Amino acid sequence: MLMYQSINEKLASTIRRFIPDFKEEDLSFDRTGHCDLTVRTFRYKVENMESLKSAVLEESFVTNAVVKGKYLNLTIDSNYLLSLMHSSISTTGQYPDVFQDPERVSVEHTSINPTGPIHVGRVRNSIIGDSISRLLKRFGYRVTTQYFVNDSGKQMMSLYLAYDKYNSDKQPTPELLLEGYRRIYREMEGTGSETEVEEMIKKYEEGDPALINKVRKIAGVMLDDIKGDLRTIGIKIDDFTWESDFIVSGEVKTLISSLSDSIKTDGEAKYLEMKDGRKVFLTRSDGSSLYLARDIAYHMYKLSQSDWLITVLGEDHSEHGKTLTEILTTYFDLVKRLDFVFNAFVSLETGSMSTRKGNAITLKELIEKTCERSKEIITEKRGGKTSNDEIAMKIAISAIRFNILKVSASKAMVFRWEDALDFNGDSAPFIMYSYVRALNIIKKSVVSSDIENLTLSNRELEKEERALVLNMYTYPLILSEAVKNLKPEALANYAFMLSKSFNDFYEKCKVIDQEQEVTIRRLITATVYKSIIEDISSIIGIQLVKEM
RNA sequence: GGGCUUGUGGCCUAGUAUGGAUAAGGCACCGUCCUUCUAAGUCGGUGAUCGUGGGUUCAAAUCCCACCAGGCCCGCCA
């Protein structure tokens, strides 16, 4: 949790001396160019705006106040804000400060069936989930990331069966498995017969240890491939749980019997009736369990070790999320916090992506092309000098993560190569480049060693400098909102806005070779910017570089 | 048919939770700025009935209702 206390809180309490029911939300940083911070008084009866103004002016950090209709427009002392941020960074190493929260949070994401390599459509879920988990860690929570591995359904059985039928004499590789998977689906579609797979599901469900071992071995090959791809873009998952574990351990059976008072039956199949009348099935009529039953068991498992569960799912699972929530709250008296984040799909201009159809753009492919493009640009910028592969890779990965994260999760995306390979404007390289500029200023400045002990004068700042300081000051608010709404994309958008603001500062306010007091102040400004960008980058997965 | 969700300049997006001042950016296009901390940058310009129609309000991109269009779901699949 953040230690930060904003000046808004202090101001609000001062204002309450005149307006007892004043709410902090009527105090906001101004984006229309009238002032720094505005007080809106529309909702309240204010007899004397002038006396409110004088009271607010008593706050040392308010340097000016102007009444404009129902608005009270304030100018804030930028030097004060800058010194707040600077002292936080020099004493604790970061702004805002943070303290460890004992609450344990579980973040489940990705959880794709290991029937093929991860593709651009799926990786959105991973990027959002990973960013949320890093965001909560930054906020002080104890976070565990989770992946639920489906090894018991039709898709997994088909993958295994295909290997067993066509390629069992060969060493299983992701490519070989994928080829067999596509082939067996074509055959099943052709013959219309799925009996072989169905029999196998039944055997699996009965807990046949030899079969489970073999299927997991095959699934493991694909899963390792997925893990490797995720690792490349900086994503690590702590805990992998296999669906079949809950079948083998008998937890699914225990769960179902614990629900026996509420369960209804259709023939031999067991289901629960939801409040809206929907029937949700837990078992088939042959007694085998269904995904919902196993996922309830999985959620119970996660609940046993966490205080707050977050599950990132594709939007096709939104009904499932609703069902789970209803079951956990009504039948298991869940009091812990349970959140689902749904992401809309990424499609191609030609339509949806599908591993089975083979028209998906894999993450590998995306990384490769983006990296190539990145190398090209570096070579171009450096005037033909050799490019640095490590820097190119970091730029590529950051660009990929940023491009996918920056769009709100609920919004459908169309993947276009031209957008993916554009490193201008609203992109990670823009932010990374601004960061390099800040580093260069700090590196080249001669007074940097004394920066810890400097005091700021009260001299008026340039417009661009003031704007940057104010924008940086709001970082903790952005961070808190992102946590509250589970919207890591807010940080991506903020990082871009802040970098744009830094670029304005960079163009207009020279740091080196100015009057010493000006140099120092601007150096501190650049240092705070550097710190915030490092902080955000570690959350949204931008891999900063020292030169570009 | 029912449910969920999205609709903002030519294209892409932010803002919608908690209504508040001339709707904020990016791409593309036209023009500007490198002997000064890296031009992957800066500044200026063109370009918006915020899907449509009603309603609530002193005030609506934001709240309510209806409609239109796209996406997703409505399985003893996962």
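As the structure is a prediction and not an experimental result, all values here were calculated from the model. Chain A is the first sequence line, chain B the second, and so forth, proteins listed ahead of strands; every chain is numbered from 1.
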Torsion-based syn/anti label for B/C27, 90° from 0 as limit: anti
C1' atoms of B/U56 and B/C63, separation to the nearest Å: 8 Å
Touch class at under 4.0 angstrom, heavy-atom based, for A/Ile377 against every strand present: base
Options B/U42, B/C37, B/C72, nucleotide nearest the side-chain atoms of A/Glu315: B/C72
Touch class at under 4.0 angstrom, heavy-atom based, for A/Asn485 against every strand present: base
Sugar-phosphate only, base, or nothing, as touched by A/Gln155 at under 4.0 Å among non-hydrogen atoms: nothing
Per-pair stack call A/Phe496 and B/G26, 5.5 Å, 30°: no
Flag if over 12 foreign heavy atoms under 6.0 Å of CG, A/Asn485: yes
A/Tyr71 ring over B/A21 six-membered base ring, under 5.5 Å and 30°: yes
Residues A/Ser152 and A/Tyr291: side-chain donor-acceptor under 3.5 angstrom: no
Selected nucleotide, minimal atom distance to A/Ala269 side chain, candidates B/A14, B/C76, B/A21: B/C76
Residue A/Lys322, side-chain heavy atoms: nucleotide from B/C37, B/G3, B/G19 that is nearest: B/G3
